[in-house]
Amino acid sequence: MTDHTNPTPADSAPAETEVLIVGGGPAGSLLATLLARRGIRSVLVEKQTNLERSFRGETIAAPSVTSLNRLGFGPALRAHGFLETTSVTTIAEQREVLHVDYRKFAGQPLPIDIPQPSLIRIFNRAAADLQGHVYLSGWAFSSLIEEDGVVRGAVLSRGRGERVSVRARIVIGADGRFSKVRKASGLAADIQPMARDFLSFKLPRPPEWGSAAQLVIERDKHLVILPTFPDTLRVGHNLPKRGLGELRAAGFDAFKRGIMAISPQLAPLVDEHLRSWDDTGFLEIFTAEMQEWARDGLLLIGDASHTATPILGQGVNLAMQDSITLVPVLAAALGRGGPERVLTKAEFADFVATRREHKLHVTGFQRMQEANLAVADPRGVKLRRLKYRLLNAFPGKYRVFNKVINAQHAIDDVDLALARTGGPRAVDAADPSPYEVSAHD
Ligand SMILES: Cc1cc2nc3c(=O)[nH]c(=O)nc-3n(C[C@H](O)[C@H](O)[C@H](O)COP(=O)(O)OP(=O)(O)OC[C@H]3O[C@@H](n4cnc5c(N)ncnc54)[C@H](O)[C@@H]3O)c2cc1C
């Protein structure tokens with residue numbers, strides 16, 4: 001069920017289900033698994049036939065580590081292996097200006113790094129044998145089935161014109177930042193491009209690097225350097241909006257020299273291991289915000305409902321917290337009325353309000369940080385260094401950072417989710433085979 005190389009046959013698609021989830025990323029796959037544990041029938045539709053995806057969010061923030069442990073995924077995560085990030089250091093114009101040691105956040109686990117395909121596999125394997133769970137691999141959402149303005153399901157398609165219709169009491173759009181479900185829903189999204197885009201690449205991580213992250217700033221250029229499981233560094237570099245063409249025109253060697261000038265510490269690795277543009281991945285940075293995430297019969301979650309930027313690595317965290325918070329709400333709503341009743345928008349109003357608040361908290365901080373990183377004039381650059389230094393010396397530093405990066409909106413909801421399932425269940429890693437690392441993974 002987990003890693004298909006062929007699409008699921010059309011006759012495996014039921015004509016109806018309770019919950020139809022479009023998109024098997026972190027949000028959709030976790031949601032499907034948690035629903036299956038409660039015996040709720042769902043169909044998870046994923047357009048890809050394998051889970052390999054390059055340059056995606058791999059960071060699981062501390063609150064989500066807590067949630068996953070409490071939901072019983074700890075043994076599977078440990079059996080796979082992951083990397084704990086111990087600290088983040090900000091270096092501005094070659095000087096260390098701010099150091100945050102994650103080990104000083106009282107009562108919090110360390111954030112962890114695990115490849116996104118592995119995380120999704122862990123979720124999918126936990127659901128594979130549970131009754132009522134159907135995974136349709138290689139099928140894409142095509143259109144909504146609507147009757148009298150109410151969503152009643154979706155039409156799925158694959159290959160050359162093959163189609164199936166699946167009716168459901170609720171369609172959940174978890175199909176990512178370019179969500180087709182969102183477009184089909186007619187719900188308005190405010191899409192705001194950020195001033196800069198991002199180029200990422202990976203380098204081997206020397207043992208002496210340890211598991212510390214760095215933000216390296218040189219005027220209006222910066223590198224985010226994240227230690228990544230099992231043995232790499234993931235590096236993100238900002239580019240001017242639509243600046244990829246210009247960068248490429250200047251040539252790959254000029255790009256490498258630019259990176260080496262920002263971080264002399266990284267220079268020998270870049271020089272030796274970064275070979276061509278094929279080693280890099282481009283990410284267009286924008287935020288998408290929506291007032292409404294729901295219609296009668298439809299709800300959006302994860303990046304489909306709120307797209308964040310990579311700053312602080314919160315995308316996967318937000319997506320999973322959506323799913324964890326949603327499960328008890330969905331279960332209660334499905335329990336009301338008969339098996340035919342479509343779930344209404346009003347039933348998700350509190351869920352949307354809670355999750356929007358968390359998301360706005362994150363994107364608000366990301367905008368502030370982005371503006372801070374974009375400063376180029378010498379006075380502004382000096383002032384920025386001073387601000388970082390003052391923050392570094394501020395006795396309440398850890399309280400401030402804990403509030404910003406460890407917002408804990410969903411943890412109480414895990415309690416609620418567990419209360420209704422009778423406690424955490426350990427999830428074993430079903431496949432103990434060593435993790436296979438793809439070129440971009
Ligand atoms: C290139 C890239 C780099 C990123 N880097 C970072 C980072 O460094 N840090 C960070 O925190 N976040 C990062 N993110 C964001 C992070 O990966 C997302 O926030 C997170 O994966 C959101 O999870 P999701 O489940 O909502 O959506 P996604 O992970 O996007 O999953 C959506 C799923 O829906 C499927 N799908 C799409 N359309 C259809 C359809 N029509 N029918 C069926 N299935 C469909 C897709 O194949 C995918 O599996 C990055 C994202 C991208 C694209």
Side-chain angles (χ1 to χ4, degrees), residues 4 7-8 20-32 43-61 64 85 111-117 119-121 123-124 135-144 154-158 164 166 171-184 197-202 213 224-226 228 233-238 280-288 293 300-323 326 355 359 362-363 366 405 440-441:
H4 296 263
T8 316
L20 175 60
I21 305 165
V22 179
S29 58
L30 178 59
L31 178 65
V43 171
L44 175 61
V45 188
E46 169 51 54
K47 71 175 178 183
Q48 306 289 352
T49 48
N50 79 58
L51 297 173
E52 295 312 319
R53 43 197 72 204
S54 47
F55 297 120
R56 294 297 174 98
E58 303 191 357
T59 306
I60 305 183
S64 286
T85 310
I112 67 171
D113 190 282
I114 181 168
Q116 199 178 104
L119 181 69
I120 296 172
R121 257 178 227 126
F123 295 152
N124 287 352
Y135 184 68
L136 290 184
S137 167
W139 286 85
F141 166 85
S142 182
S143 59
L144 292 171
V155 178
L156 313 175
S157 62
R158 72 166 176 184
V164 290
V166 181
V171 174
I172 308 277
D175 51 338
R177 60 208 313 257
F178 299 110
S179 172
K180 212 170 162 182
V181 178
R182 180 174 73 204
K183 284 186 197 115
D197 289 327
F198 225 57
L199 203 69
S200 303
F201 52 90
K202 284 186 174 180
V224 180
I225 308 174
L226 301 170
T228 298
L233 290 171
R234 201 154 36 106
V235 185
H237 174 46
N238 70 293
T280 68
F282 175 70
L283 180 64
E284 186 192 348
I285 308 283
F286 60 85
T287 56
W293 299 8
L300 302 173
I301 61 168
D303 271 16
S305 68
H306 53 67
T307 309
T309 80
I311 291 171
L312 287 183
Q314 289 283 323
V316 177
N317 185 41
L318 289 169
M320 293 196 300
Q321 298 287 339
D322 278 358
S323 299
L326 179 59
R355 296 304 305 141
K359 187 261 167 173
V362 169
T363 45
Q366 288 179 330
I405 53 183
H440 276 310
D441 205 68

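Counting starts at 1 for both ligands and their atoms, following the listed order.
A donor-acceptor contact shorter than 3.5 Å links the side chain of Arg182 to the backbone of Ala304. No donor-acceptor distance shorter than 3.5 angstrom exists from the side chain of Gln48 to the backbone of Asn50, with no hydrogens or angles considered. Remark: side-chain polar atoms of Asp175 are paired, donor with acceptor, to backbone N or O of Val181 under 3.5 angstrom. In this structure, the side chain of Arg158 engages the main chain of Thr8 through a donor-acceptor pair within 3.5 Å. Under the 3.5 Å distance criterion, the side-chain polar atoms of Ser157 are left unmatched by any main-chain donor or acceptor of Val155. A side-chain donor-acceptor contact under 3.5 Å links Ser323 to the backbone of Ala27.
The closest side-chain heavy-atom distance from Val166 to Val45 is not below 4.5 Å. Here the side chains of Pro26 and Ile120 are in contact, with some heavy-atom distance below 4.5 Å. Taking the side chain as every heavy atom from C-beta outward, Thr59 and Asp113 approach each other to under 4.5 Å. Glu58 has its side chain out of reach of Leu226: every pair of non-hydrogen atoms, C-beta onward, lies at least 4.5 Å apart.
Of the listed options Gln48, Gln314, Glu46, Glu46 places a heavy atom closest to atom 35 (C) of ligand 1. Counting heavy atoms only, Pro26 comes closest to atom 23 (O) of ligand 1 of the residues Gly25, Gly281, Pro26. Taking each of Glu58, His306, Arg234 in turn, the one with a heavy atom nearest to atom 8 (O) of ligand 1 proves to be Arg234.
Neither the backbone nor the side chain of Ala308 comes within 4.0 Å of ligand 1, counting heavy atoms alone. Neither the backbone nor the side chain of Asn317 has any atom closer than 4.0 Å to an atom of ligand 1 (non-hydrogen atoms only). Neither the backbone nor the side chain of Phe178 has a heavy atom within less than 4.0 Å of ligand 1. By the criterion of a heavy-atom distance under 4.0 Å, the side chain of Leu283, and not its backbone, is placed next to ligand 1. Of all the heavy atoms of Lys47, the ones lying under 4.0 Å from any atom of ligand 1 are found in both the backbone and the side chain.
Every N/O-N/O distance between Val22 and ligand 1 stays at or above 3.5 Å. Inclusion of Phe282 in the set of residues having an N or O under 3.5 Å from an N or O of ligand 1 is not warranted. Checking only distances, Gly28 never comes within under 3.5 Å of ligand 1, N or O to N or O. Ligand 1 has no N or O atom lying under 3.5 Å from any N or O atom of Arg177, backbone or side chain.
Leu20 pairs in a side chain to side chain contact (heavy atoms under 4.5 Å, CB included) with only one of the listed residues (Leu44, Leu136, Val171), which is Val171.
To the nearest 0.5 Å, atoms NE2 (His306) and CD1 (Ile301) are separated by 8.0 Å. Atoms CG and OG1, from Asp197 and Thr309 in turn, are 11.0 Å apart once rounded to the nearest 0.5 Å.
Shown in contact with Ala27 at under 4.0 Å from a heavy atom are these atoms of ligand 1, numbered in order with element: 25 (O), 26 (O). Atoms of ligand 1 found under 4.0 Å from any heavy atom of Val45 (numbered from 1 in listed order, with element): 43 (C), 44 (N). Residue Phe141 approaches ligand 1 through these ligand atoms, each under 4.0 Å from one of its heavy atoms: 40 (C), 41 (N), 42 (N), 43 (C). Counting atoms of ligand 1 from 1 in the listed order, those under 4.0 Å from a heavy atom of Asp303 are 18 (C), 19 (O), 22 (C), 26 (O). For ligand 1, the atoms closer than 4.0 angstrom to any heavy atom of Ala319 are 22 (C), 23 (O), 26 (O). Every atom of ligand 1 with a heavy atom of Gly302 under 4.0 Å away is listed here by number and element: 26 (O). Those atoms of ligand 1 with a heavy atom of Gln116 less than 4.0 angstrom away are 17 (O), 21 (O), 29 (O). When each atom of ligand 1 is checked for a heavy atom of Ala174 under 4.0 Å away, the hits are 32 (C), 33 (C), 34 (O).
The shortest separation from a heavy atom of Phe198 to ligand 1 is not under 4.0 Å, leaving the residue out of contact. Not a single heavy atom of Thr59 sits less than 4.0 Å from an atom of ligand 1.
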